[in-house]
Every structure is written in structure tokens, then in C-alpha cells.
Amino acid sequence: MTVRTTRRVFLSAATMMAAALAATACGSPQDTATGGGDSAAPVKVGLVYSQSGALASYGKQYIEGFKAGLDFATQGTGKVGDRKIEVTEVDDAGDPAKAVSAAKDLIGKGTKIIAGSTASGVALQVAPIAAQNKVLFISGPAATDAVTGANKYTFRSGRQSYQDVVTAKSFIGDPTGKKVVVFAQDGAFGDANEAAVKAVIGTAGATVSSVRAPASATEFTPFASQIKAAKPDLLFVAWAGTTAPAMWQTLDQQGVLSSTTVVTGLDIRASWPTFGAAGAKISFLSHYFDGASDTEASKALKATVNTIDLFHPDGFAAAQMVVRAAQDGGDDVDKMVTALEGWSFDGVKGKMTIRAADHALLQPMFQAKLTGSGTTFTATAQKSLTGDETAPPAVAMKG
């Protein structure tokens with residue numbers, strides 16, 4: 001899609017394990033900041049994320065959200081009990097090798113909590129390092145489903161791709177007998193999105209086909225004609241790159257946007273103008289935008305960053321999880337894991353639950369609409385889906 005919200009999709013065919021939710025314990029992270037472990041030593045936290053590289057804008061939002069979340073969860077003290085939370089930031093530039101090197105260096109210096117991972121490729125390389133060294137790893141914006149259930153030491157503070165596609169499915173209600181077309185670029189990105197839609201929406205009863213375009217394409221009229229001829233009930237667009245404005249303009253001019261329900265992901269605010277006039281005719285799946293919720297956490301975050309963007313909540317939730325782990329686990333990583341498993345807390349988006357079985361983060365997702373023109377657009381929520389409604393199938397823990 002124009003955004004990366006479903007770029008990295010690795011779906012599991014495992015069955016749902018609903019019983020994992022039964023053991024969840026609700027709580028507020030502010031209530032937990034009483035401390036544990038060696039009271040004379042700081043709680044060392046390493047944040048390994050994209051300060052530079054292709055996902056630097058995502059990384060910037062993540063760290064801003066983390067700092068706001070840490071302030072919120074510790075009531076402004078930056079401490080768990082009498083222990084200062086000492087944060088070390090490292091730039092991985094989206095490079096898995098750099099991230100692994102940074103994680104190992106931090107672990108060698110006594111860091112027992114690693115967080116970050118803006119990119120999916122990074123998260124998948126850092127997760128095994130956490131298991132090998134028995135340290136806590138809280139992945140960030142990385143969307144790949146494979147982080148869920150990676151091992152007992154790996155958690156996530158953001159959504160996963162399955163939740164994106166389930167949100168897309170919600171736009172057509174019962175998919176039984178419906179026709180869905182995936183419009184995507186040729187290559188791994190398009191393959192992953194098509195596979196995800198088939199796995200999530202196709203298995204629910206819809207007929208899924210695709211219209212694929214070369215990544216180098218600049219003329220989109222022939223593809224628009226193919227889409228219209230297919231007469232889909234839902235068009236799922238998975239697009240990335242600088243040709244997005246021309247693509248959307250053509251779909252609009254050829255009447256595609258007015259002939260069916262068109263769904264794509266809502267990326268960071270800076271990308272919204274790329275939709276142009278077509279933006280008002282598209283249905284967006286979103287994991288967050290400013291105004292999507294009205295929680296105490298969202299109010300605290302907004303007071304800090306002014307305008308909340310897509311990945312601020314991921315950083316905020318990571319900080320809440322760090323505080324919970326340090327409070328209940330002290331210096332014992334296995335106790336940190338136990339403290340997080342099954343925990344429900346009030347995050348920026350609303351109620352968040354860490355499923356004990358595989359560490360999936362169950363969370364609200366949103367249907368959204370864009371209004372505006374030029375460089376000024378506003379997103380509004382059309383519907384909120386609960387964490388239970390968007391829950392991915394539970395998977396067996398791999399390690």
C-alpha cells in the first residue's frame with residue numbers, strides 16, 4: 001500500500017487460543033512504579049531503532065512516544081521505586097547487522113531490557129539474540145507477524161500485519177461470496193500483501209484475485225481498466241513509492257474509487273497529501289492517528305508531542321511495558337516475562353492486552369476517513385475495532 005502498514009506480512013495458520021485471554025490482569029502502569037532489584041543500581045534499557053535510514057521518520061516518532069510514555073508511567077520521576085531508568089539509544093539505520101551488534105554490545109554492558117526495532121528485518125534478527133542471552137526484548141513498530149511467538153523473551157509494543165488485514169476485512173462485513181481484488185506492485189511486497197489478503201479474507205469466504213503492476217509503471221490506466229472489469233466488492237491497494245500520487249489520481253479519474261470500496265493503510269501524516277483529491281474517496285485502515293482515541297494516555301502523549309502520529313503510541317506502550325517489567329521483575333528477566341504475560345493496561349489507543357500464549361499485543365484498530373486538500377488533511381475515525389475483534393490466531397511459542 002502507499003504506506004508500509006502491511007508491507008511485512010508473515011501469517012500463521014495456527015488456531016486461536018482464546019483461553020490465553022482469560023488470565024489477563026488489568027492495571028495501570030502508574031500504579032506499578034514501586035521498584036525492585038538492586039535499589040542502588042539503575043535499570044538499564046537499550047533502545048535500538050532507526051534514527052537514520054529509510055524508516056528514520058518512524059523511529060523519530062517511536063522515541064518521542066517512548067519518552068512521553070516513560071514520563072507517564074513513572075509519574076514524571078523517570079524511576080521505578082528508587083531506581084533510575086537509564087536509557088541508552090543506538091541507531092541501527094534499519095540494518096539488522098548493526099542492530100544485532102548494538103544489542104550484543106548493550107547486553108555485554110549489563111543491559112537486560114532491549115527495545116526498539118523499527119524495521120521487521122531488524123526485529124527478526126534481534127529476537128534470537130534476546131533468547132540466547134535471556135534478556136527482555138520489546139519490538140517496536142516492526143509489523144511482521146513472525147515477532148509474535150518468536151520466543152518467551154520477545155514481546156511487541158506495536159500492531160502486527162494480521163491486525164491490519166483484519167481491519168481491512170471489516171469494511172465489507174461478512175466476506176462470504178464477496179469478490180476482493182488486491183492491487184499491488186510486482187515483487188516480494190506485492191506477494192506478501194496478496195498472500196495476507198488470501199489468508200485472512202479469502203479463508204473467510206471471499207474470492208481473492210489480484211491485479212499486479214511493475215514497480216517501474218508510470219501509466220496506470222490499463223490496470224484501472226482491469227480492476228473495473230473485475231467488479232470487486234473490495235479493492236485492497238498495497239502500494240509503496242513515489243508513483244503513488246499518479247496511481248491514485250488515475251484510479252480516481254477512471255472511476256475505480258467511486259465504483260467499489262477501496263481500502264489501503266493510513267501512513268504517517270506527512271504522506272497524506274500523496275492521496276490528493278482521491279483521499280476523500282478511500283477507506284483507510286489505521287492503527288492510529290491523532291484523535292482516534294480519548295484516553296488518559298493519549299492526552300498525556302498529546303501534551304508532549306502536540307500532534308500524535310502513527311508510531312508515537314508504539315513508543316509510549318514500550319515505555320509502559322518497560323516500567324511494568326522493571327517493577328515486577330527487578331533484575332530477574334524471567335520474572336519480567338511473567339509480569340508482562342497476560343497483562344492488560346490502558347494505552348494511548350485504549351485497552352491493550354499482552355496475550356500470554358504467544359505475546360501478541362491485542363489492541364484497538366480503526367477505520368478512518370480523510371478530508372481536506374493540498375497539504376492540509378484531517379483524519380476521523382469511522383469505527384473502532386476492539387483488541388478481541390482484531391486478534392491474530394495464537395501461535396505456538398518457538399523458543
Side-chain angles (χ1 to χ4, degrees), residues 1-5 29 47 49-74 76 87 89 115-116 118 140-143 157-159 163-164 167 244-245 248 264-280 282-320 345-352 361 363-385:
M1 53 183 68
T2 304
V3 300
R4 294 182 175 89
T5 49
L47 300 184
Y49 67 102
S50 295
Q51 297 176 359
S52 62
L55 301 183
S57 59
Y58 294 3
K60 181 176 184 294
Q61 292 172 21
Y62 172 85
I63 190 61
E64 290 174 348
F66 185 91
K67 291 177 179 178
L70 189 61
D71 187 68
F72 178 76
T74 64
V87 178
E89 299 177 34
T118 318
S157 65
R159 100 295 182 206
Q163 290 161 318
D164 288 337
T167 305
W248 287 116
T264 193
L266 190 62
D267 199 4
I268 60 176
R269 294 179 67 90
S271 74
W272 294 0
T274 65
F275 295 104
I282 301 169
S283 298
F284 293 95
L285 65 91
S286 175
H287 44 106
Y288 203 76
F289 55 87
D290 194 81
S293 65
D294 186 32
T295 64
E296 290 304 311
S298 70
K299 292 174 184 176
L301 176 58
K302 189 171 179 63
T304 302
V305 302
N306 190 33
T307 301
I308 304 174
D309 216 331
L310 190 64
F311 293 109
H312 283 124
D314 295 6
F316 198 100
Q320 291 177 289
F345 61 100
D346 298 321
V348 173
K349 301 175 67 172
K351 181 183 177 182
M352 316 282 277
L361 183 60
Q363 59 195 282
M365 296 286 287
F366 307 92
Q367 294 182 359
K369 279 288 187 181
L370 276 185
T371 56
S373 61
T375 60
T376 304
F377 284 85
T378 301
T380 54
Q382 302 298 295
K383 180 181 179 180
S384 297
L385 285 76

Trainee: Taking the side chain from T376 and the backbone from G372, do they hold a donor-acceptor pair closer than 3.5 Å?
Mentor: no

Trainee: Drop me the distance from L55's CG to Q61's CD, to the nearest 0.5 angstrom.
Mentor: 11.0 Å

Trainee: With a 4.5 Å cut-off on side-chain heavy atoms, are T304 and K67 touching?
Mentor: no

Trainee: Heavy atoms only: give me the nearest F289-A368 pair and the separation to one decimal.
Mentor: CE2-CB, 3.5 Å

Trainee: Can you tell if the side chain of F316 reaches within under 4.5 Å of the side chain of S298, non-hydrogen atoms only?
Mentor: no

Trainee: Can you give me the closest heavy-atom contact between D267 and W272, atom names plus distance?
Mentor: O-NE1, 3.0 Å

Trainee: For A300 and F72, which heavy atoms make the closest approach, and how far apart are they?
Mentor: CB-CD1, 3.6 Å

Trainee: Nearest 0.5 Å, what's the CD-CD distance between E89 and Q51?
Mentor: 5.5 Å

Trainee: Checking side-chain contact (heavy atoms from CB on, under 4.5 Å) between Q367 and each of L266, L385, L285, which is the one that passes?
Mentor: L385

Trainee: For the residue pair S271 and T274, confirm or rule out a side-chain donor-acceptor distance under 3.5 Å.
Mentor: no

Trainee: In terms of relative ring orientation, are H287 and F311 parallel, tilted or perpendicular, with 30° and 60° separating the classes?
Mentor: tilted

Trainee: Can you tell me how far apart CG (L301) and NZ (K349) are? Round to the nearest 0.5 Å.
Mentor: 13.0 Å

Trainee: Distance check, rounded to the nearest 0.5 Å: K369 atom NZ versus F284 atom CZ?
Mentor: 8.0 Å

Trainee: What distance do I63 atom CD1 and L47 atom CG have between them, rounded to the nearest 0.5 Å?
Mentor: 4.5 Å

Trainee: Are any non-hydrogen side-chain atoms of I282 and L370 less than 4.5 angstrom apart?
Mentor: no

Trainee: Could you tell me if the side chain of D294 sits less than 4.5 Å from the side chain of K299, heavy atoms only?
Mentor: yes

Trainee: Y62 and A318: which non-hydrogen atoms are nearest, and at how many Å?
Mentor: OH-CB, 3.6 Å

Trainee: Using the six-membered ring wherever Trp is involved, compare the ring planes of W248 and F275 and label them parallel, tilted or perpendicular (cut-offs 30° and 60°).
Mentor: tilted

Trainee: With a 4.5 Å limit on heavy-atom distance, are the side chains of P364 and M352 in contact?
Mentor: yes

Trainee: If you take all heavy atoms of G69 and A319, which pair is closest and at what distance?
Mentor: C-CB, 3.5 Å

Trainee: Return the CD1 to CD distance between I308 and E64, rounded to the nearest 0.5 Å.
Mentor: 11.5 Å

Trainee: Looking at every non-hydrogen atom in both residues, tell me the closest pair between I268 and D309 and how far apart they are.
Mentor: CA-OD1, 3.4 Å

